[in-house]
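Along the sequence shown, residues carry numbers from 1.
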Amino acid sequence: MNPSIVFLDPWLLRFSTAYNRDEASFDTPDFKELLRSVIAHGGNLQPICVVERIDAAGQRFYEVVFGERRVRACREAGVKVRAMVMQSRSSMDNALLRLGENRGRRELAPLEFGRQVKHVLDDASSGLNRTQLAKILGCHAGHVGRAYELASLPGAILEAFESPLELQYAHMLPLKRAYEAAPAAVLHEAERIREELDPLSTAAAIERLEQAAQQAQAGHKAKEGGNADAESDGGRGLASGKSSTAPQPPQPIRAKGQDIGRWEVLPNGAITLQIDAPMSQFQREELVAAMVAQLERKVFKVPAAKGSAKAPAAEVMHGAAAGAQA
């Protein structure tokens, strides 16, 4: 049955408890333009979507599936809202419908898109991974992944920005790396930024957080002094026995023109890998097996025809497996 179009009192509509819009999005030039359009036309031209619900008291009401900005604009304009009434569906179906509609209208800021993506992926009832959700939305899985990671940053970091909605997908990686490198120092600096009277630009705030992480790392290395060399001499070197090395910035891992992760050499010479591409458990195990085989051939010089991996290789690959993330 086709959905019916009705005109409803916007003040009687209820919004879903699932994340939809950031309050800051209702104080933007785009929203003011929408409000002027609603006033000029005596209502919203593009209908919102609602479903009929029954609350705990047995009262019927309409819940907004998508169109929160239009509802807010109609409230401010003092007019009724044009709505399509859809058949009742699950909250996850509504979340996917809202996400697809918002993306189609290209109104979502990266952080808003990320929060809606996170809501869907973190809900086990969706049964979706990043690749599957990206296919539904018609975008690349890497785009969904960056949005998810942006929304997964600690709230204290996001609140360090005068307008978190100005954060772009490209900002996610430097913020994530800074936080992972020195969580306490970055959170402390974020709190300092938030309490300052003069707000910083997005770029300046990111630079401050990155500097905080770098300074914390430098202080930690200076405090350790020669400990790294002592540890490397304890038998943890791989090929030459000399595992101490100068610190290097993380390097990207690329496949088919896309960043899928990063690798980094630690001060003691150990290598850490992080794979962000979504993988099944079988694919993870295959990746680890291939890396063990390569270590045996090129590093430990174990003949391919003999037995299983030596203990040192197994220990190294256990760490590498722990660093691989889906």
request  = I would like to know whether T202 and H171 meet side chain to side chain contact (heavy atoms under 4.5 Å, CB included); could you show each step before the answer?
outcome  = CA-CA 9 Å; T202 298; H171 297 147; 3.7 Å; yes
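Screening V144, D123, L133 for a side chain to side chain contact (heavy atoms under 4.5 Å, CB included) with L128, the sole residue that qualifies is L133. The only option from K176, R177, R115 that meets the salt bridge (charged side-chain N to carboxylate O under 4.0 Å, His left out) definition with E149 turns out to be K176.
When side chains are defined from C-beta on, R14 does not count as touching R53, because their heavy atoms never get closer than 4.5 Å. Residues L137 and H143 form no side-chain contact, since every pair of their non-hydrogen atoms from C-beta on lies 4.5 Å or further apart. Between I48 and L13 the shortest side-chain heavy-atom distance falls below 4.5 Å. Counting only heavy atoms from C-beta outward, the side chains of E210 and I206 approach each other to under 4.5 Å. Side-chain contact between Y62 and V81 is absent, with no heavy-atom pair separated by less than 4.5 Å. Within the 4.5 Å cutoff, side-chain heavy atoms of F31 are placed close to those of E76. In this structure, the side chains of F7 and V79 stay at 4.5 Å or more apart for every pair of heavy atoms. The shortest side-chain heavy-atom distance between L187 and Y179 falls under the 4.5 Å cut-off.
Residues E159 and R194 approach most closely at O-CG, 3.5 Å, considering heavy atoms. Heavy-atom minimum distance, Y169 versus A147: CE2-CB, 3.7 Å. Taking all atoms of both residues into account, the shortest heavy-atom contact from V186 to A178 is CG2-O, 3.3 Å. Scanning all heavy atoms of the two residues, the minimum distance from V71 to F15 falls at CG1-CZ, 3.7 Å. Of all heavy-atom pairs between A190 and L209, the closest is N-CD2, 3.7 Å. Scanning both residues, N44 and K80, for their nearest heavy atoms gives OD1-O, 4.1 Å.
Comment: R192 does not engage E196 in a salt bridge, judged by the lack of any side-chain N to carboxylate O separation of less than 4.0 angstrom. Under a 4.0 Å N-O distance rule, the pair E33/R36 qualifies as a salt bridge. Under the 4.0 Å criterion applied to side-chain N and carboxylate O atoms, D30 and R69 are not assigned as salt-bridge partners.
Remark: L121 CG to Q132 CD distance equals 9.5 Å, nearest 0.5 Å. For the atom pair CG (L34) and SG (C74), the distance works out to 8.0 Å, reported to the nearest 0.5 Å. Separation of atoms CE (M84) and CD1 (I5) is listed at 6.0 Å; rounding is to 0.5 Å. The line from CG of D198 to CD of E162 is 10.0 Å long, rounded to the nearest 0.5 Å. For the atom pair E189 CD and E191 CD, the distance stands at 10.5 Å (nearest 0.5 Å). Once rounded to the nearest 0.5 Å, the distance linking CG of L175 with CD of E180 reads 11.0 Å.
V85 and F61 end up in different hydrophobic clusters when Ile, Leu, Val, Met, Phe, Trp and Tyr side chains are linked at under 4.5 Å. No single ILVMFWY cluster, assembled from side-chain heavy atoms under 4.5 Å apart, contains both L35 and F66.
At least one donor-acceptor pair under 3.5 Å links the side chain of R70 to the backbone N or O of Q46. Under a 3.5 Å cut-off, the side chain of Q168 and the backbone N or O of E166 do form a donor-acceptor pair.
Within a 6.0 Å sphere centred on NZ of K135, other residues, nucleotides and ligands contribute 12 heavy atoms or fewer.
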